[in-house]
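Data block below; observations after.
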Amino acid sequence: MKVITSVTQMHAVAQQYAKDGTLGFVPTMGYLHEGHGSLIERAVQENDRAVVSVFVNPTQFAPGEDLSSYPRDLEKDLAFCQSLGATAVFHPEPNEMYGPNFAAIVEVPSLTVNLCARARPSHFKGVCTVVAKLFNIVAPTRAYFGLKDAQQFFILRRMVLDLNFPIELVGCPTVREADGLAMSSRNSYLSLTERKAAPILHKALEEGRALILAGEKKRAPIIDKIQRVLATEPLVSLEYVELVETLGLRQTDEITGEVLCALAARIGTTRLIDNFIFS
Ligand code: AMP
């Protein structure tokens with residue numbers, strides 16, 4: 001497995017790969033877990049070669065967020081990628097990706113109004129810009145993203161369509177711990193007590209989903225149910241729980257098509273997200 005740190009070299013190697021087959025790509029911020037693993041496995045299975053990027057992208061963190069404390073373990077990540085059959089890992093330094101006069105921004109404004117964009121208004125600009133750069137550098141056939149970050153997936157799907165990236169986006173299901181907590185690199189911040197409380201996020205969403213399955217179509221009772229379940233856990237401080245349609249990510253009062261029900265909450269100081277999609 002190649003480990004590449006230079007943009008020029010990654011571009012040249014990826015072009016070579018693309019000449020003799022399909023190329024799968026999994027962008028990550030590292031500290032890899034089984035959730036990332038499920039994306040890498042699929043990229044390896046469905047393509048002739050697979051590239052994983054490990055890059056903690058500074059532009060998607062706002063001042064005061066956890067950029068400097070974000071967990072990192074490159075050695076372990078490389079061993080994990082190799083064990084899953086990745087062809088190469090791209091691991092650039094921030095100054096390799098962002099030169100001193102870097103000024104371009106890619107954004108999808110209408111999809112970055114609700115959900116996580118309320119509390120993190122600059123986050124998705126950082127995500128879109130880095131993913132656009134990575135797509136140009138790696139030029140994959142298919143790119144794999146987790147639906148755990150559903151808003152990110154729907155925004156990137158819009159970006160790929162609108163900017164004509166010739167790349168197939170593949171959305172992959174959320175991988176969970178045995179107790180239902182969505183796997184996340186940030187779970188490592190949780191204390192033992194917080195970790196025990198954290199599965200309530202999934203449990204609350206499951207109760208919301210059960211209401212929908214029982215025939216409820218109106219937003220208010222679904223959101224109310226989820227909020228009431230979350231309120232039983234004093235360690236949870238809810239940032240938002242929203243029900244939106246998946247095309248424009250606008251709040252919907254009544255379910256008529258595919259919807260995303262998503263939440264963000266703090267458990268202690270750790271901000272966690274989770275969701276379900278209902279179609
Ligand atoms: P990150 O390293 O957090 O930027 O995540 C890199 C990719 O892995 C993104 O597409 C995430 O949506 C995806 N991912 C993270 N956690 C999970 C999970 N628990 N299940 C499935 N995919 C995930």
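From a predicted model like this one, the values you see are computed outputs, not experimental measurements. Order of listing sets the numbers, starting from 1, for every ligand and every atom in it. In this chain, numbering begins with 1 at the start of the sequence shown.
- Rounding to the nearest 0.5 Å places CD of Q251 at 10.5 Å from CD of E245.
- Atom CD of residue E254 and atom CD of residue E216 lie 8.5 Å apart, to the nearest 0.5 angstrom.
- With hydrogens left out, the protein atom closest to atom 8 (O) of ligand 1 is H36 CD2, 3.4 Å, a heavy atom.
- Atom CG of L263 sits about 4.5 Å away from atom CG of L205, to the nearest 0.5 Å.
- In V26, neither the side chain nor the backbone holds a heavy atom less than 4.0 Å from any atom of ligand 1.
- Here C81 contributes atom SG and F90 contributes atom CZ; the two are 14.0 Å apart, rounded to the nearest 0.5 Å.
- If you check which protein heavy atom lies closest to atom 12 (O) of ligand 1, you get D149 OD2, 2.6 Å.
- Counting heavy atoms under 4.0 Å from ligand 1, residue S185 does not touch it at all.
- In terms of polar-atom proximity, M183 is counted as a contact of ligand 1, with an N or O under 3.5 Å from an N or O of the ligand.
- Only the backbone of P173 comes within contact range of ligand 1, with a heavy atom under 4.0 Å; no side-chain atom does.
- Of all protein heavy atoms, the one lying nearest to atom 4 (O) of ligand 1 is M29 CG, 3.5 Å.
- Annotation: atom 20 (N) of ligand 1 to nearest protein heavy atom, V175 N, 2.8 Å.
- The shortest separation from a heavy atom of H33 to ligand 1 is under 4.0 Å, placing the residue in contact.
- Between the side chain of E107 and the main chain of C128, no donor-acceptor pair closer than 3.5 Å is present.
- Taking the charged nitrogens against the carboxylate oxygens, R118 and E242 do have a contact shorter than 4.0 Å, which makes a salt bridge.
- With hydrogens and angles ignored, the 3.5 Å screen pairs a side-chain donor or acceptor of T174 with a backbone N or O of K148.
- Taking atom 7 (C) of ligand 1 as the reference point, the nearest protein heavy-atom neighbour is P27 O, 3.7 Å.
- Contacts between K148 and ligand 1, counted as non-hydrogen atom pairs separated by less than 4.0 Å, involve the side chain only.
- Of all atoms in ligand 1, listed by their number and element, those nearer than 4.0 Å to a heavy atom of L39 are 7 (C), 8 (O), 10 (O), 13 (C), 22 (N).
- Per-residue contacts place F145 under 4.0 angstrom from the following atoms of ligand 1 (heavy atoms of the residue considered): 10 (O).
- Note that CZ of R228 and CD of E207 are 9.5 Å apart. Values are rounded to the nearest 0.5 Å.
- Once rounded to the nearest 0.5 Å, the distance linking CZ of R195 with CG of L181 reads 4.5 Å.
- For atom 22 (N) of ligand 1, the nearest protein heavy atom (residue, atom name, distance) is G146 CA, 3.5 Å.
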